[in-house]
Amino acid sequence: MSGTADLERSQARDRELDSGQDQDPAVALGTAVGIGLVLPALWALWADRLLPAGWWRGPAGLGVALAAGLLLWGLAGYRRPSNRSNPPARRGWRVQVAHVPLIALLALAFWTRFSEIRGLTIPFFGDSVHHSMIVRLFQLRSGLPDSWEPFAPLASFSYHFGFHALTAALAAAARLEAPRAVLVTGQLLMVLQCLTLYALAAGLTRRPWAGVGAALAAAGLSPMPAYYLNWGRYTQLAGQVLLPVAALVMVRAVARTGMPTAARGRLLNTAAMLLAAGLFLTHYLVAGFMGLLILAWVLVARGALLGRMRRLGLVGIGALLLVAPWLPRLAGGLILKSATALSTTRVANPDVYGVLADAWAMWRTDALARNVGWPLLIAAGLGLVLALVPRRRGRDDGQGSQAPTALSPRGLALLGLLWLVLLLLATYPRLLGLPVTGVLKDFTVAIAAYLPLGLVVGGGMAALAERITPMHRHTERGLALAAVALAATLAWQGRAVRDDSFRLVLPDDLTAMSWIREHTPPDARFLVSSFSAFGQTVQAGDDAGWWLPLLTAPRGSTLPPITIGLEVSAEPGYREAVNQLAELWRADLDAPATRQALSDAGVTHAFVGVTGKVLSRTRLAASPCWEPLFVADANARDGKPGAEVYVFKGADCGGAGGLSVSSRPPPPTPS
């Protein structure tokens, strides 16, 4: 009986693939979510190019694009049951036992992720500064920005903006301020990562248990992506959420052998183009991740290579046409120049690109525990064993399937493993004898390793399910209960991932910001704390002062977003001037040259946040050139001083020199 059941399941998978339709509602939902997430960015790009100014180009229009994408793909993916000819193509969605742990996993992930941000209004660390600024620029410009004004004199805007278009749409729908919207959208994406990773594994194998295993990798087996909360690394996260859906639809578009209608095939092609283009606009490097995944799939899956390459080229050309209006903007910034230098030459100063001096430090046991997680590594090892060891009957599950893209559990596990190997080779091209440094950094790959390892776990979970479910009719229910228990355990362990040491803006800082808005002139310009980062090429903030231009606009500061190194300055030598001014006040706050430079830069005030270290409040208070105006109440519970505001008396204040300040190590690389 079990052999007959296996054959029927295999034939059902084949018919489902040939129909081009998902009978798994979770795969269909994940695909619909992916389509919805990319449309705001594409709408923003083409509306900016073709439409006159109006609400349709702003956050409200982006929200309509998001909702339309979800609705249209959902309607296209579902077909009601019918007794007409070709019944497999007309079959409706089918709920299975494996969906129970998936639903529990998503609910628990939602609870843990949103519990972590309770009481927060400002996201953590440095990346969140420029992410929030871009969302605010979308709101101010009612559409895609073309510069960083009024926050910084940067004339180009070439940063990937898919996450920010999506966040602006959600902010308009929920009426959220830009920083809070960034925080909320980031947590939502962490939940959706579980769904889209499920969609990839279950969609490639037509086995829901493969999807459950893959989803567990993102739901707590690894500390990532939950730990992204502390870095504000939300653009990479947004790309990683889109990647599984984009890859799944791409595979189906290039490997299909027969669609029930030509329209269905065109729909797949269009969806693949939209997702590939949207992924590129969301994160340039993660788009490269997907390219390596497709290469791994070509090497693992069976089928006509020439035909697949032709269809892949057609989809690629379509995606390129969709992003064509953005390419001149991208070329106008400095991102391509930096990437070209990194990928074609040896790096003279590794700190500039965040490259570790010890090339293998990222893969030591302590780093693996932090960035990948031993539970995930152990689960992936077990999954690989389960997937590779043949079943007792001596045949590979599903390997004899007629469907060219329906991978077996073994195929899925090998796909994940090969994808990880290709990512490592792209990170360390010297392993191939190439005398260059890869564009991908090992840190970027390490914190995304849950994606390929999740496929390995998914392959093992599918193999386990196919071994034990024929034993007894209640066995699959037992597996579902075990998966729910594991998800609950992971959720409980992951409920405290938040690390407040990465928090730059505290309640006292917000009190001081409110005072600044009420008691300082709109054209006030603040000296704020910063330290040199990325090989002394840019300045990074160590307290809430980095947020001051956004939270007290239109007031400005001496510290632009860290993306200053990726954009063209409107003022010649602006980046160098920012660095020089910072070096002056760090060396001697009251020296005549420093006072004159501050005056020439238009500085009228200084702000020291709760976490500030480099710009010393003690030296400001002792200086004859700075007069204290406001001190927020200190929090007695944590023993930290409150935020402080000073007024600058000008270049002729006559203070003595010799007041130096300290320094601090750089933060993780911005995404």
Side-chain angles (χ1 to χ4, degrees), residues 122 124-130 152 231-232 351-352 354 500-506 508-509 512-513 516 525-552 556-562 564-565 575-591 593-595 597-598 601 603-623 625-626 628 630-632 634 638-648 655 657-670:
I122 308 296
F124 284 15
F125 222 47
D127 282 5
S128 298
V129 177
H130 58 269
W231 300 324
D351 288 337
V352 174
D500 279 356
S501 66
F502 291 97
R503 189 177 179 182
L504 296 183
V505 182
L506 283 84
D508 283 349
D509 294 310
M513 297 289 183
I516 289 171
R525 185 172 178 82
F526 286 76
L527 170 66
V528 298
S529 185
S530 69
F531 58 92
S532 295
F534 303 115
Q536 318 297 312
T537 60
V538 295
Q539 299 297 307
D542 67 357
D543 69 5
W546 209 356
W547 286 87
L548 194 145
L550 184 62
L551 299 180
T552 67
S557 80
T558 56
L559 186 58
I562 208 165
I564 185 177
R575 180 171 64 88
E576 292 75 12
V578 169
N579 290 336
Q580 183 180 14
L581 179 62
E583 291 300 324
L584 284 173
W585 66 256
R586 280 198 293 262
D588 193 340
L589 183 62
D590 284 340
T594 303
R595 299 198 309 266
L598 290 170
V603 171
T604 59
H605 296 75
F607 172 89
V608 181
V610 174
T611 64
K613 291 182 175 63
V614 182
L615 182 58
S616 169
R617 68 190 72 232
T618 302
R619 299 185 186 278
L620 280 168
S623 170
C625 297
W626 299 90
F630 177 80
V631 178
D638 60 16
K640 295 179 180 178
E644 300 180 5
V645 180
Y646 295 80
V647 65
F648 182 44
L659 300 179
S660 61
V661 292
S662 61
S663 144
R664 181 183 179 187
T669 306

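Please read these numbers as outputs of a predicted model, since none were measured by experiment.
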Can you name the closest pair of heavy atoms from [X] and [Y] and give their distance?
{"X": "A643", "Y": "G609", "value": "CB-CA, 4.2 Å"}
{"X": "G556", "Y": "L548", "value": "O-CD2, 3.8 Å"}
{"X": "R586", "Y": "S530", "value": "NH1-O, 2.8 Å"}
{"X": "R595", "Y": "C625", "value": "CD-SG, 3.3 Å"}
{"X": "A597", "Y": "L584", "value": "CB-CD1, 3.7 Å"}
{"X": "D508", "Y": "A632", "value": "O-CB, 3.5 Å"}

Taking the side chain as every heavy atom from C-beta outward, state whether [X] and [Y] have any pair of such atoms under 4.5 Å apart.
{"X": "L550", "Y": "V129", "value": "no"}
{"X": "W546", "Y": "V505", "value": "no"}
{"X": "T558", "Y": "V578", "value": "no"}
{"X": "I516", "Y": "F630", "value": "no"}
{"X": "R575", "Y": "P560", "value": "no"}

Looking only at side chains, do T594 and D588 share a donor and an acceptor under 3.5 Å apart?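 T594 vs D588: no donor-acceptor pair found between side chains.
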Any chance the side chains of S532 and E583 put a donor and an acceptor closer than 3.5 Å?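 Yes, because at least one side-chain N or O of S532 sits under 3.5 Å from a partner of the opposite role on E583.
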Rounded to the nearest 0.5 Å, how far apart are [atom1] of [X] and [atom2] of [Y]?
{"X": "T537", "Y": "I562", "atom1": "OG1", "atom2": "CD1", "result": "8.0 Å"}
{"X": "D500", "Y": "T611", "atom1": "CG", "atom2": "OG1", "result": "11.5 Å"}
{"X": "I122", "Y": "L506", "atom1": "CD1", "atom2": "CG", "result": "11.0 Å"}
{"X": "H605", "Y": "S557", "atom1": "NE2", "atom2": "OG", "result": "13.5 Å"}
{"X": "W626", "Y": "L527", "atom1": "CH2", "atom2": "CG", "result": "5.0 Å"}
{"X": "W585", "Y": "L598", "atom1": "CH2", "atom2": "CG", "result": "9.5 Å"}

How far apart are the C-alpha atoms of F607 and M513, what are their side-chain angles, what is the distance that settles it, and do they pass the side-chain contact (heavy atoms from CB on, under 4.5 Å) test? CA-CA 9 Å; F607 172 89; M513 297 289 183; 4.0 Å; yes
Measure centre to centre between the rings of W231 and F124, then say whether the value is under 6.0 Å.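 No, the ring of W231 stays outside the 6.0 Å limit from the ring of F124, centre to centre.
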Exceeds 12 heavy-atom contacts within 6.0 angstrom, atom CD of Q580: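 Atom CD in Q580 is not crowded, with 12 or fewer foreign heavy atoms closer than 6.0 Å.
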Should D543 and D509 be marked as a side-chain contact (heavy atoms from CB on, under 4.5 Å) after you check the CA-CA gap, both sets of side-chain angles, and the distance that decides it? CA-CA 9 Å; D543 69 5; D509 294 310; 5.8 Å; no
